[in-house]
Structures are given as C-alpha cells and as structure tokens.
Amino acid sequence: MTDTPRRRATDRAPSSPTFVGAGTTLTGNLACEGDLIVGGVVIGDSTVQGAFTLSEGGRWEGRLQVKNAVIAGEWHGEITATEKLEIRKSARIRGAVTARSIAVAKGAVIDGEMSVTSGAPVVSYEEKRRE
C-alpha cells in the first residue's frame with residue numbers, strides 16, 4: 001500500500017544520506033553519489049546524484065548540480081536541478097536557480113535569476129508544515 005508516489009523529494013526515505021551537520025563547515029568541492037543533507041556551512045561546488053536538502057539554519061556558498069533539491073537555508077551561488085527545486089519559506093537565496101520545475105513558498109526571498117527549463121510557470125504555495 002506504499003506504492004503511491006509522493007510529491008516531495010523529502011517524503012521518500014533516503015537509503016544512506018551524507019550529512020554536513022550544524023556547527024560543521026566544509027570548504028572544498030564535493031561529489032556525492034547519494035543524497036546530501038546540509039545543516040552546517042558548505043563553501044564550494046558540488047554534484048549530487050541523489051536528492052539535496054539545505055536545512056533551515058544551513059548555508060551554502062558555491063555551485064550545485066543535482067536532480068532534486070529542497071532549499072530552506074541561506075544560499076549564495078548557483079543551483080541547477082534537472083528535475084524539481086522546492087524553495088521553502090525560510091530560504092534566502094542570492095544567485096541563480098535553474099530547474100525543470102520550481103515551487104516557491106510564500107515568504108522565501110530570492111535575489112537573482114530564476115529559470116524554469118520546462119517552460120512551466122513557477123508554482124507559489126503556502127507552506128503548511130509545522131515549525
């Protein structure tokens with residue numbers, strides 16, 4: 001009965017994610033074959049084969065290439081998602097974002113360029129997750 005597809009990248013259970021926890025700073029480039037969850041600070045560029053999550057309180061400075069991403073923290077740089085990019089209300093983005101589809105929660109701040117490669121409009125939504 002769990003064969004029903006879920007609509008958010010974070011709704012699925014990742015098999016073995018890589019974590020950069022709060023209080024940790026990683027400087028340098030990173031290649032990640034699985035999922036990556038960042039709650040700390042990353043300064044560098046990365047390619048992530050799985051899903052990417054920048055948690056609230058996390059910060060990224062650099063470029064990212066990924067399939068699906070959820071941004072809830074602070075971002076300075078470029079994000080290129082081949083599929084879906086979800087920007088939560090706590091997100092603060094300065095730079096360029098490109099994805100096949102983009103969903104932006106009311107309250108998120110984006111200072112830069114947004115490009116949707118599918119030609120579909122950017123989806124705006126009211127975040128209903130509990131704080």
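Nothing fancy with the numbering, it's 1 onward along the sequence. Quick caveat: nothing in here was measured; it's all calculated off a predicted structure.
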Exercise for the section: Could you grab the distance from atom CD1 of Ile79 to atom CD1 of Ile71, nearest 0.5 Å is fine? Expected result: 4.0 Å

Completion exercise
NZ (Lys106) and CD (Glu127) are apart, to the nearest 0.5 Å, by 12.5 Å

Practice task
Report yes if some heavy atom in the side chain of Leu30 is under 4.5 Å from a heavy atom in the side chain of Leu36; otherwise report no.
Solution key: yes

Practice task
List the steps and the verdict of side chain to side chain contact (heavy atoms under 4.5 Å, CB included) for Tyr125 and Arg88.
Solution key: CA-CA 9 Å; Tyr125 68 97; Arg88 302 254 174 100; 4.2 Å; yes

Problem - Heavy-atom neighbours of Arg100 CZ exceed 12 at 6.0 Å - result: no

Exercise for the section: For the pair Ser46 (side chain) and Leu64 (backbone), establish whether a donor and an acceptor sit closer than 3.5 Å, ignoring hydrogens and angles. Expected result: no

Exercise for the section: Kindly check if the number of other-residue, nucleotide or ligand heavy atoms within 6.0 Å of CD (Glu33) is above 12? Expected result: no

Practice task
Any chance you could measure Glu86, atom CD, to Thr53, atom OG1, to the nearest 0.5 Å?
Solution key: 9.0 Å

Practice task
Could you tell me whether a side-chain N or O of Gln65 sits under 3.5 Å from a main-chain N or O of Thr80, the two making a donor and an acceptor?
Solution key: no

Handout entry: Gap separating the NE2 atom of His76 from the CZ atom of Arg92, nearest 0.5 angstrom
Key = 11.5 Å

Exercise for the section: Go through the steps for Ile110 and Val104 under the test side chain to side chain contact (heavy atoms under 4.5 Å, CB included), then give the verdict. Expected result: CA-CA 9 Å; Ile110 302 169; Val104 180; 4.1 Å; yes

Problem - Within-4.5 Å side-chain heavy-atom neighbours: Glu113 and Val97 - result: no

Practice task
Using modelled atom types only, decide if a donor and an acceptor are shared between the side chain of Ser118 and the backbone of Ala120 within a distance under 3.5 Å.
Solution key: yes

Exercise for the section: Please check if the side chain of Asp45 supplies one atom and the backbone of Gly62 the other of a donor-acceptor pair under 3.5 Å. Expected result: no

Handout entry: Any donor-acceptor pair under 3.5 Å from Asp35 side chain to Ala51 backbone
Key = yes

Exercise for the section: Assess whether side chain to side chain contact (heavy atoms under 4.5 Å, CB included) is satisfied between Lys67 and Val48, documenting all intermediate values. Expected result: CA-CA 7 Å; Lys67 184 174 182 180; Val48 177; over 6 Å; no

Exercise for the section: Describe, in one word, how the ring planes of Trp75 and Trp60 are oriented to each other, choosing from parallel (under 30°), tilted (30 to 60°) and perpendicular (over 60°). Expected result: parallel

Exercise for the section: First locate atom OG1 of Thr18, then atom CD1 of Ile37, and finally report the distance between them rounded to the nearest 0.5 Å. Expected result: 9.0 Å

Completion exercise
Taking every heavy atom of Lys84 against every heavy atom of Ala103, the minimum-distance pair comes out as CE-CB, 4.5 Å

Problem - Shared hydrophobic cluster, Val20 / Leu54 (ILVMFWY, side-chain heavy atoms < 4.5 Å) - result: yes

Exercise for the section: Give a yes or no on whether a salt bridge exists between Arg59 and Glu61, defined as a side-chain N under 4.0 angstrom from a carboxylate O. Expected result: yes

Fill in the blank from the handout: Output for pair (Thr117 OG1, Glu83 CD), nearest 0.5 Å, gives 8.0 Å

Exercise for the section: Quick one: do Ile93 and Ile87 satisfy side chain to side chain contact (heavy atoms under 4.5 Å, CB included)? Show the steps, please. Expected result: CA-CA 9 Å; Ile93 297 174; Ile87 302 171; 3.8 Å; yes

Exercise for the section: List the atom of Ser90, the atom of Ala72, and the distance in Å for their closest heavy-atom pair. Expected result: OG-O, 2.6 Å

Handout entry: Smallest separation among heavy atoms of Leu85 and Ala99, with atom names
Key = CB-CB, 3.7 Å

